[in-house]
Amino acid sequence: GAAFTNLSGTIFPCMNGYGGTQVVNFGQRAFNTNAPSGYKCWNTANLPNPPIADGSDYFDAKTYTGNGSTQSITGFQFSPDWVWYKDRGSTAGHALFDSVRGAQKRLRTMTGAAEATDSTYLTSFDSDGFTVGSHVTGNNSGSNYIAWCWDAGSSTASNTNGSITSNVRASQTSGFSIVSYTGNNTAGATIGHGLSAAPEVVFYKNRSRSENWGVYSKAVGASKSMYLNLTQIALTANASPANMYNSTDPSNTVLTVGDAVHVNANNEYIIAYCFAPVAGFSSMGVYTGNGNANGPFIDTGFKVAFLITKRTDSTTSGDWNIVDTTRGTYNPVGPYLYVNQSNAEGDVTIYDLLSNGFKIRESGAGTNANGSTYFYLAFAENPFKTARARYIMAFKILITVLALAPNLLIGYLFLNKDTIIENQKKALLGALSGQISGQLSQQTDAIKDNMGSMFTETIKPEIKAGDQNTLKAIPKNTGPALPF
């Protein structure tokens with residue numbers, strides 16, 4: 001009979017043994033006998049199919065170099081509706097544009113300044129990217145930029161679900177909408193957001209005046225507010241400084257606001273960026289620090305491509321950190337920017353961005369003070385079902401070998417198969433840190449089986465003596481993690 005029934009939540013395999021070697025087969029290779037009827041192999045291939053198979057269909061990031069004139073930034077799988085870019089090497093600030101307000105209309109996250117309009121800012125939203133003019137914020141000659149872009153559907157429409165009519169552009173598939181409305185200074189006013197699920201994070205900005213950004217988070221609570229341009233703690237929003245969200249979480253159809261000028265000044269224009277979680281694509285919430293360089297692991301259910309974190313309980317190291325895998329191509333991820341500052345990019349390594357979440361790799365107060373609470377917002381490269389370990393040295397070694405001669409690659413694999421197996425073990429350990437580390441030995445066994453079947457006593461690549469010396473001269477610590 002069953003030892004346990006009606007289990008819920010996350011379940012991890014566990015085994016115990018004394019001496020010897022234990023091997024568990026979760027379906028990574030054929031079973032000796034058939035699995036019982038109604039059961040599946042315990043592996044990622046049998047996870048539910050995610051609603052979004054490729055995160056870059058709805059979110060993506062690109063780097064580019066300014067030319068001081070005009071240029072189009074292309075290569076996206078969608079027409080961006082929200083574009084956020086920053087000069088990585090200077091104090092030129094963040095710049096945000098969206099298709100609901102229209103091109104040439106800029107907002108900034110490191111200040112509460114009102115919306116600015118200039119024909120040399122972002123000049124158009126294109127079918128596979130966007131075009132920038134000559135302004136130094138987004139196209140200074142020789143400067144290096146990062147641009148984060150989101151898709152928000154195919155059209156903007158009037159929404160009358162709330163007491164205030166809004167103009168909304170929404171992607172229900174990816175859980176993101178852009179909402180524009182005119183405030184009425186009435187506490188409890190509601191605004192339609194266009195999504196099929198309640199947003200759990202909303203960025204609000206009064207476009208008409210200089211006023212702090214308001215950030216609502218369900219995990220932080222509707223009675224509190226954070227401010228995107230400040231290091232402030234999550235302040236009680238219905239006492240001081242103002243009535244922001246009327247102590248009311250968004251519903252499946254509307255946002256609720258108080259009478260604060262940040263979100264509902266009379267006859268002033270407000271923009272709201274709304275995020276509802278989508279399994280395998282977006283995750284938002286809070287985590288608690290442990291004050292240890294071996295920090296907490298946060299399970300998002302996908303391979304993280306973009307991450308914002310913010311300390312909520314102290315102004316000490318209360319900056320909004322932002323990292324991504326476009327700039328940080330290997331773990332631990334180092335290049336970071338502060339959302340609330342115009343500073344150039346920093347290079348301190350803080351996070352591991354993993355195939356199923358992220359892990360804090362430092363003990364600093366900005367991300368991991370013991371017992372402190374941190375807000376996070378993350379978007380996916382791929383859902384966990386199709387995510388793979390990040391390759392650190394693979395391209396370097398392949399380029400090295402192929403530069404010698406393409407037919408030497410198989411020879412390199414043969415001579416360095418033991419090193420390759422060990423490097424694969426290390427890569428898997430980093431990718432699965434804090435989670436199913438028990439898969440490590442099984443994956444390594446599978447690699448050994450594959451390598452063994454490639455190179456038996458009767459099947460060996462023929463390598464000339466001169467080629468052997470060439471291959472042996474390649475440093476063994478550059479062996480790639482291979483996807484067997």
**Student:** If the test is ring pair (Phe, Tyr, Trp, His ring centres under 6.0 Å), which one of Trp84, Tyr216, Trp82 qualifies with Tyr273?
**Tutor:**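 Only one of Trp84, Tyr216, Trp82 forms a ring pair (Phe, Tyr, Trp, His ring centres under 6.0 Å) with Tyr273, namely Trp82.
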**Student:** Taking side-chain contact (heavy atoms from CB on, under 4.5 Å) as the definition, give me every residue that meets it alongside Ala344, ordered by chain and number, with sequence neighbours left out.
**Tutor:**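 With neighbours one apart ignored, the set is empty.
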**Student:** How about Gln77 and Asp128: does a side-chain donor come under 3.5 Å of a side-chain acceptor?
**Tutor:**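 Result is no, nothing qualifies.
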**Student:** Can you sort out the partners of Leu228 under side-chain contact (heavy atoms from CB on, under 4.5 Å), two or more places apart, ordered by chain and number?
**Tutor:**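 Leu228: side-chain contact (heavy atoms from CB on, under 4.5 Å) contacts with Thr109, Phe203, Trp213, Val215, Trp320, Val339.
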**Student:** Would you say Lys86's side chain and Asn343's backbone share a donor-acceptor pair under 3.5 angstrom?
**Tutor:**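 The answer is yes, because a donor-acceptor pair under 3.5 Å joins these two groups.
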**Student:** Between Tyr374 and Thr367, does any side-chain donor sit less than 3.5 Å from a side-chain acceptor?
**Tutor:**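 No pair is found: no donor N or O on one side chain lies under 3.5 Å from an acceptor on the other.
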**Student:** Would a line drawn from the ring center of Phe59 to the ring center of Phe78 be shorter than 6.0 Å?
**Tutor:**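 No, ring centres 6.0 Å or more apart.
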**Student:** Less than 3.5 Å apart, any donor N or O on the side chain of Asn356 or Asp299 sitting next to an acceptor on the other?
**Tutor:**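 Per modelled atom types, Asn356 and Asp299 side chains form no pair under 3.5 Å.
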**Student:** Is the shortest heavy-atom distance from the side chain of Phe302 to the side chain of Phe379 under 4.5 Å?
**Tutor:**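 Of all side-chain heavy-atom pairs linking Phe379 with Phe302, none is under 4.5 Å.
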**Student:** Taking NZ, NE, NH1 and NH2 as the nitrogens, is one of them in Lys218 or Asp249 under 4.0 Å from a carboxylate oxygen of the other?
**Tutor:**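 Not counted as a salt bridge, because no side-chain N and carboxylate O are separated by less than 4.0 Å.
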**Student:** Run the ring-centre check on Tyr338 versus Tyr336 and record whether the distance is less than 6.0 Å.
**Tutor:**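 Yes; Tyr336 has its ring centre under 6.0 Å from that of Tyr338.
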**Student:** Tell me yes or no: between the side chains of Thr131 and Ser72, is some donor less than 3.5 Å from an acceptor?
**Tutor:**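 The criterion, which ignores hydrogens and geometry beyond distance, is satisfied for Ser72 and Thr131.
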**Student:** Any side-chain heavy-atom pair from Thr137 and Arg108 closer than 4.5 angstrom?
**Tutor:**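 Touching, per the 4.5 Å side-chain cut-off.
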**Student:** Any side-chain donor paired with an acceptor under 3.5 Å for Lys359 and Asn294?
**Tutor:**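 A donor-acceptor contact under 3.5 Å links the two side chains.
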**Student:** Do the side chains of Ile271 and Arg101 get nearer than 4.5 Å, heavy atoms only?
**Tutor:**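 Yes. Closest side-chain heavy atoms under 4.5 Å.
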**Student:** Verify whether one side chain among Thr231 and Asp319 offers a donor that lies under 3.5 Å from an acceptor in the other.
**Tutor:**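 No.
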**Student:** Is a donor on one side and an acceptor on the other found under 3.5 Å between the side chain of Ser177 and the backbone of His193?
**Tutor:**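 Side chain of Ser177 to backbone of His193, a donor-acceptor pair under 3.5 Å: yes, one is there.
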**Student:** Run the side-chain contact (heavy atoms from CB on, under 4.5 Å) test on Tyr58 and Trp150 for me, step by step, so that the C-alpha distance in whole Å, both residues' side-chain angles and the decisive distance to 0.1 Å come before the verdict.
**Tutor:** CA-CA 6 Å; Tyr58 294 91; Trp150 287 259; over 6 Å; no
**Student:** Looking at side-chain heavy atoms only, is the closest gap between Val179 and Cys274 below 4.5 Å?
**Tutor:**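 With C-beta onward as the side chain, the pair touches.
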**Student:** If we ignore angles and hydrogens, is there a donor and acceptor under 3.5 Å between the side chains of Thr373 and Tyr287?
**Tutor:**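 Judged by distance alone, the side chains do not pair up.
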**Student:** Would a 4.5 Å heavy-atom cut-off, applied to side chains only, mark Leu354 and Asn331 as touching?
**Tutor:**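 In contact.
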**Student:** Would you say Tyr181 and Asn159 make side-chain contact, with heavy atoms under 4.5 Å?
**Tutor:**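 No, too far: nothing below the 4.5 Å cut-off.
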**Student:** Quick check with a 6.0 Å cut-off and a 45 degree axis cone: is Lys105 positioned over the face of Tyr121's six-membered ring?
**Tutor:**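 Not satisfied by the 6.0 Å and 45° rule.
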**Student:** May I ask you to check whether Tyr245 and Tyr204 place their ring centres under 6.0 Å from each other?
**Tutor:**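 That pair passes the under 6.0 Å test.
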**Student:** Go through the side-chain N and O atoms of Asn292 and Asn368 and say whether any donor and acceptor fall under 3.5 Å apart.
**Tutor:**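 The answer is no; no qualifying pair exists.
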**Student:** Decide yes or no for Ile322 and Leu307: does some side-chain heavy atom of the first lie under 4.5 Å from some side-chain heavy atom of the second?
**Tutor:**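 Side-chain contact under 4.5 Å: no.
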**Student:** Under the rule for salt bridge (Lys or Arg N to Asp or Glu O under 4.0 Å), what residues qualify as partners of Arg106, not counting sequence neighbours?
**Tutor:**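 None.
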**Student:** Does the Ser251 side chain pair with the main chain of Val254, one donor and one acceptor, at a distance under 3.5 Å?
**Tutor:**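 A pair under 3.5 Å: yes.
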**Student:** Would you indicate whether the side-chain heavy atoms of Ile233 and Met226 approach each other to under 4.5 Å?
**Tutor:**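 No, their side chains stay 4.5 Å or more apart.
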